[in-house]
Amino acid sequence: MNAQPSRLGAHAPLTRRGLAAATQAPGDAQARFAHPADATLRDEAAPDGRLLAIDGVSLEYRNRERIVRATHEVSFDVYGGDRFVLLGPSGCGKSTLLKAIAGFIEPVAGTITLDGQTVRGPGPDRVVVFQEFDQLPPWKTVVENIAFPLRVARKLSRSEAKARALHYLDKVGLAAFADAYPHTLSGGMKQRVAIARALAMQPRVLLMDEPFAALDALTRRKMQEELLRLWDDERFTLLFVTHSIEEALVVGNRILLLSPHPGRVRAELNSHAWSHASTDDDAFRASAARIHHLLFETGTDVEARA
Ligand SMILES: Nc1ncnc2c1ncn2[C@@H]1O[C@H](COP(=O)(O)OP(=O)(O)OP(=O)(O)O)[C@@H](O)[C@H]1O
């Protein structure tokens, strides 16, 4: 059964969209609901502070036999500098939402706006990093992989594109591999190149669709740490899809929980207090358990116990 967004944490103020749910002790909740993005970054967004606005978005796949509704009337806002996570069970429409924001799929209802402009197709202001390791053309070297889209989409000269590519390659610790070909790199290195390529475009929003899901646990954790370090340096706006509760809590500052298929907004949480250092804490484990409960228990049950 799909329920209305959770009312967990009655002390918590309403967010602009839906209801926010606290994931920590009540006394801690008020501070956690202050919007984490800093004022400078919010100034870059639309006049009302929203960078990305998803408003009542329903998405469908249609063929001759049937229509599959992937999301139903999903709404949320992303602010400049957010690390916003879409979290939900397999098939709830996370990837489809990301594709719609990237401009690859058009909503059957609702609107997606970036900087106040309706998204009508793909653009260099939104770059996607996918889970697959084969997203880098194999016939280009690492530096060419990063520089090429800069020349095409950002109209940089050959030397400007190369300089920017090398800068971002250095940021992901792969300066020494500039002239390597993708097939000579490990999975984690390929994902670093994909991240460097995306950041070099300096998009308004970096979209990541389970980018670390195919990596082993140690590499995945290292990549999460590196992504957070990069975010500390660059303060880009991130929209990150995962079905891992722990990854959502560590990577995100805000998390949108989606109900099972078709995805509806289940709850919105603040999560900026967590890091890898807190994953063994009782409070972290309690938050993870609470999210698990929200994702997998029925709505009535959750409401009753909240
Ligand atoms: N190309 C497609 N054609 C038809 N249905 C599709 C297509 N892609 C996805 N779907 C359906 O849309 C729904 C949402 O899929 P989506 O991949 O967005 O979910 P997800 O939450 O990202 O899942 P996962 O975590 O397993 O990747 C699912 O029911 C899926 O079967």
Side-chain angles (χ1 to χ4, degrees), residues 1-3 5-6 17-18 52 54-76 78 83-112 119 121-122 126-135 187 190-191 194-195 198 205-217 220 223-224 227 238-252 254-269 271 288 291-299:
M1 187 181 96
N2 288 303
S6 168
R17 306 296 189 82
L52 183 66
I54 313 302
D55 222 328
V57 167
S58 298
L59 298 162
E60 288 179 353
Y61 293 97
R62 291 163 183 257
N63 61 29
R64 255 180 299 189
E65 287 87 48
R66 60 191 194 126
I67 296 172
V68 177
R69 179 154 283 219
T71 69
H72 185 71
E73 295 178 1
V74 169
S75 298
F76 61 91
V78 177
R83 302 185 312 274
F84 195 95
V85 175
L86 299 177
L87 175 65
S90 184
C92 74
K94 305 179 295 293
S95 296
T96 307
L97 256 173
L98 205 81
K99 284 178 194 150
I101 293 164
F104 301 134
I105 298 175
E106 209 178 312
V108 291
T111 55
I112 299 172
V119 166
R126 287 147 291 140
V127 181
V128 192
V129 174
F130 296 99
Q131 178 186 138
E132 294 75 22
F133 297 153
D134 60 1
Q135 53 194 303
K190 286 179 191 167
Q191 290 311 78
I195 292 169
V205 189
L206 171 61
L207 306 169
M208 301 185 96
D209 191 356
E210 306 218 34
F212 310 142
L215 299 169
D216 64 86
R220 183 175 190 164
M223 294 295 294
Q224 291 163 351
L227 180 66
L238 175 65
L239 187 64
F240 189 100
V241 163
T242 183
H243 60 254
S244 158
I245 294 173
E246 180 172 313
E247 183 168 69
L249 284 168
V250 168
V251 168
R254 297 169 62 211
I255 304 175
L256 191 81
L257 299 189
L258 293 167
S259 68
H261 175 78
R264 292 175 162 88
V265 174
R266 191 74 184 81
E268 194 181 314
L269 322 169
S271 55
I291 289 175
H292 188 274
H293 181 73
L294 268 170
L295 286 176
F296 297 106
E297 302 287 326
T298 64

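Heads up: numbering here begins at 1 and tracks the sequence. Both counts, for ligands and for their atoms, begin at 1 and track the order of listing.
A side chain to side chain contact (heavy atoms under 4.5 Å, CB included) with Thr96 holds for exactly one of Val68, Leu59, Val57; it is Leu59.
Using a 4.0 Å cut-off between a side-chain N of Lys or Arg and a carboxylate O of Asp or Glu, Glu268 and Arg254 qualify as a salt bridge.
Within 4.0 Å of ligand 1, protein heavy atoms come from Tyr61, Val68, Ala70, Pro89, Ser90, Gly91, Cys92, Gly93, Lys94, Ser95, Thr96, Glu210, His243, His261.
Inspection of the Thr242 and Glu210 side chains reveals no N or O donor paired with an N or O acceptor under 3.5 Å.
Closest heavy-atom contact between Thr71 and Leu97: CG2-CG, 3.9 Å. Closest approach of Gly263 to Val74, counting heavy atoms only: O-CG2, 3.4 Å.
Residues that satisfy the salt bridge (charged side-chain N to carboxylate O under 4.0 Å, His left out) test with Arg126, not counting sequence neighbours, are absent from this structure.
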